[in-house]
Amino acid sequence: MRLQITCIPGDGIGPEIVREAKKVLEKVAKVYGHEMVFTDILMGGASIDAYGVPLTQEAIETAKAADAVLMGSIGGDPTKSPWYQLPPDKRPEAGLLGIRKALNLFANLRPAVLYEELAAACPLKEEISKAGFDLLIMRELTGGLYFGERKTVVENGLRKAIDTLTYDEGEIRRIAIKGFDIARKRRKKVTSVDKANVLDSSRLWRKVVEEVAADYPDVKLEHMLVDNCAMQLVKDPSQFDVILTENMFGDILSDEASMVTGSIGMLASASLNDTKFGLYEPSHGSAPDIAGQDVANPIATVLSAAMMLRYSFDLDEEAKAIEEAVRQVLKDGYRTGDIFSEGMMRVGCSQMGDLLAERIR
Ligand code: IPM
Ligand code: MG
């Protein structure tokens, strides 16, 4: 199969982790007889430095022309980087939001799995972590507060800022369908998370989710308020299978879910539209403090590449080979700094890439 992949190395540790993911993908191509064509584009700070804007139309076109996009991370340290002296719509993050919108990537899948080998890194009490967990956050990605009208005005001599949260039923329905579809392939449970005790958008969310649920009698649906969900994620994460939620809640809960796995350096994500096209990126940020030192953990990006093979190319066996390589590397005792524990072997980013590639057979 010929796979046309656009890569966005981005900022901070982005270029390092994407390099390792490509290394692993190239090994997959070799072992399974595929041809992979990579084209790089700039986004975020790298694009600001080169073109003065965080995302160019040309970059969008290149991404659109590919079968899938593999991304590292974007952004810098807001207290130090000159990128954050720019107006908000010219900063690195605007590039990421721009490409999500331009490619209509409304469904963001963020799995959070507790690996047996990393159970020691889980910050939860052992009596909670021993139950293990394997959940997936299905986050709406192109609506809500992120894309509502916003402005800052002066009213009666006071500065006033306004952000608006809107959802129409079409936006809710299409993400709910994605949530139920994926639950069907997992443990058949959807927890829809909202703030229906306060927000109108959440009350509509709940109604539409219930309408969609009627077509999935085999999937169990429960509703949960977002504040309670934040609590339940540390109290008993094993209760969750698919968490279905809107953009802002999903942003917050997915960081929480990743932290309870022990390392945000392990978690992949996929952002999908209505077709097979998707953008795949680690759930973590650009970690500018450790950039360029060859100490970053490339596993989240490598696992994002596995998601890409599965969702955009239907290459399930190849995706499993990557996931298996990750498990094997952990079993063999290799760790990057973020997941290091006593008695393990500490390796850098590029060595981790080599070890993973070696284990693709
Ligand atoms: C994420 C990030 C982004 C978001 C930022 C960088 C704009 O936190 O992908 O979760 O808030 O969506
Ligand atoms: Mg986030």
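Each residue takes its place number in the sequence, starting with 1. Every number for a ligand or one of its atoms is a count from 1 in the order of the listing. In this text, all values refer to a predicted model and were calculated from it rather than measured experimentally. Side-chain atoms are counted along with the backbone in the values below, which use heavy atoms only and exclude waters and symmetry mates.
Using modelled atom types, one finds no donor on one side chain facing an acceptor on the other under 3.5 Å when comparing Glu246 with Tyr146. In summary, the side chains of Ser263 and Asp338 do present a donor paired with an acceptor at a separation below 3.5 Å, with no hydrogens or angles considered.
Listing protein N, O or S atoms at distances below 2.8 Å from the Mg ion (ligand 2), with waters left out, gives Asp251 OD1.
A distance-only check finds a donor-acceptor pair linking the side chain of Asp241 to the backbone of Arg187 [under 3.5 Å]. Proximity of a side-chain donor or acceptor of Thr245 to a complementary backbone N or O of Val193 within less than 3.5 Å is detected.
Figure legend: cation-pi geometry between Arg359 and Tyr334 absent, as NZ or CZ is not positioned both under 6.0 Å from the six-membered ring centre and within 45° of its axis.
Pairing each heavy atom of Val190 with each of Gly179, the nearest pair is CG2-O, 4.0 Å.
Within 6.0 Å of OH on Tyr51 lie no more than 12 heavy atoms contributed by other residues, nucleotides or ligands.
Put simply, the side chain of Lys30 does not reach to within 4.5 Å of the side chain of Ile360, judged on heavy atoms. Counting heavy atoms from C-beta on, the side chains of Trp205 and Ile175 come closer than 4.5 Å.
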In a simple table, one pair per line, please give the protein and ligand 1 atom names for every N or O pair closer than 3.5 Å, along with the distance.
from: ligand 1; atom 1: 8 (O); to: Asp251; atom 2: OD1; distance (Å): 3.2
from: ligand 1; atom 1: 9 (O); to: Arg100; atom 2: NH2; distance (Å): 2.7
from: ligand 1; atom 1: 9 (O); to: Arg110; atom 2: NH2; distance (Å): 2.8
from: ligand 1; atom 1: 10 (O); to: Arg110; atom 2: NH1; distance (Å): 3.0
from: ligand 1; atom 1: 10 (O); to: Arg110; atom 2: NH2; distance (Å): 3.2
from: ligand 1; atom 1: 10 (O); to: Arg139; atom 2: NH1; distance (Å): 3.2
from: ligand 1; atom 1: 10 (O); to: Asp251; atom 2: OD1; distance (Å): 2.9
from: ligand 1; atom 1: 11 (O); to: Tyr146; atom 2: OH; distance (Å): 2.5
from: ligand 1; atom 1: 11 (O); to: Asp251; atom 2: OD1; distance (Å): 3.4
from: ligand 1; atom 1: 12 (O); to: Arg100; atom 2: NH1; distance (Å): 2.8
from: ligand 1; atom 1: 12 (O); to: Arg139; atom 2: NH1; distance (Å): 3.4
from: ligand 1; atom 1: 12 (O); to: Arg139; atom 2: NH2; distance (Å): 2.8

